[in-house]
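Here the structure is laid out as structure tokens; the discussion comes afterwards.
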Amino acid sequence: MTQSNLANTICKSGYTKSIRPSEAITDAEKKANAQSYSYTGDPRQAEYDHLISLELGGDPNDARNLWVEPPSPGHQSKDGVNNPKDQVENSLHALVCSGKVPLAQAQSAIATDWTAALATVGHPTGK
């Protein structure tokens, strides 16, 4: 994934769906990953998440890019997996694809501290 091939990769509609591993693969990985971190919460309420999301060019199945992310504080089980990090990923994706933020900068920001990533790239409101 490079800045020069964004139009044919992450900025192309349907890209992440085309590279996302099936649940048949990720469910077993999620269980093993949760055990490796001694995660004892309900795995159905946690997300098997990418450090650098697929929509920002993250590797879809590299163990170094995946972990079981517990639900956010205040999460209600009826809500399913509802992760505020996803909104940050969506905003960064839009900024990268509109040419406002370089891909490498967005990747570094999300991997370093997703809660500050938008401010780090100079777009605290996500626009």
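Note that OG of Ser36 and CD of Glu29 are 11.5 Å apart. Values are rounded to the nearest 0.5 Å. The NE2 atom of His93 sits 8.5 Å away from the CG atom of Leu6 when rounded to the nearest 0.5 Å. Atom-to-atom distance recorded for Asn33:CG and Tyr39:OH is 11.5 Å, nearest 0.5 angstrom. Here Asp49 contributes atom CG and Trp114 contributes atom CH2; the two are 9.5 Å apart, rounded to the nearest 0.5 Å. Taking CG of Asp86 as the start and OG of Ser53 as the end, the distance is 8.5 Å to the nearest 0.5 Å.
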Could you give the side-chain donor-acceptor pairs of residues 64-71 under 3.5 Å, partners two or more places apart or in another chain?
from: Arg64; atom 1: NE; to: Asp62; atom 2: OD1; distance (Å): 3.1
from: Arg64; atom 1: NE; to: Asp62; atom 2: OD2; distance (Å): 3.3
from: Arg64; atom 1: NH2; to: Asp62; atom 2: OD2; distance (Å): 2.6
from: Asn65; atom 1: OD1; to: Leu51; atom 2: N; distance (Å): 3.4
from: Asn65; atom 1: OD1; to: Ile52; atom 2: N; distance (Å): 2.9
from: Asn65; atom 1: ND2; to: Ile52; atom 2: O; distance (Å): 3.0
from: Asn65; atom 1: ND2; to: Asp59; atom 2: O; distance (Å): 3.0
from: Glu69; atom 1: OE1; to: Asn83; atom 2: ND2; distance (Å): 2.8
from: Glu69; atom 1: OE2; to: Asn83; atom 2: ND2; distance (Å): 3.2

Using distance only, find each side-chain donor-acceptor pair of residues 116-127 under 3.5 Å and give its atom names and separation, not counting sequence neighbours.
from: Thr120; atom 1: OG1; to: Ala116; atom 2: O; distance (Å): 2.9
from: His123; atom 1: ND1; to: Lys127; atom 2: O; distance (Å): 2.7

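Residue pairs that meet the disulfide (SG to SG under 2.5 Å) test with at least one member in residues 21-55, sequence neighbours left out, do not exist here. Sorted by first then second residue, the salt bridge (Lys or Arg N to Asp or Glu O under 4.0 Å) pairs that include residues 87-102, not counting sequence neighbours, are Lys85-Glu89. Within the structure, every pair that satisfies the disulfide (SG to SG under 2.5 Å) test and touches residues 89-127, not counting sequence neighbours, is listed here: Cys11-Cys97.
Ile19 and Tyr48 fall into different hydrophobic clusters, where Ile, Leu, Val, Met, Phe, Trp and Tyr are joined by side-chain heavy atoms under 4.5 Å apart, directly or via other members.
Under the side-chain contact (heavy atoms from CB on, under 4.5 Å) criterion, Thr112 pairs with Ser108, sequence neighbours left out.
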*Could you give me the CA-CA distance, side-chain angles and deciding distance for Ile25 and Ser22, then say whether side chain to side chain contact (heavy atoms under 4.5 Å, CB included) is met?*
CA-CA 5 Å; Ile25 293 171; Ser22 72; 3.8 Å; yes
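Two residues are said to be in side-chain contact when any heavy atoms from C-beta on lie closer than 4.5 Å; Ile10 and Val96 meet this criterion.
The heavy-atom pair separating Arg20 from His50 by the smallest distance is NH1-CE1, 4.4 Å. Of all heavy-atom pairs spanning Lys12 and Asn8, the tightest one is CD-O, 3.9 Å. Taking all atoms of both residues into account, the shortest heavy-atom contact from Thr9 to Met1 is OG1-SD, 3.1 Å.
Using a distance-only test at 3.5 Å, with no hydrogens or angles considered, a donor-acceptor pair links the side chain of Gln107 to the main chain of Leu56.
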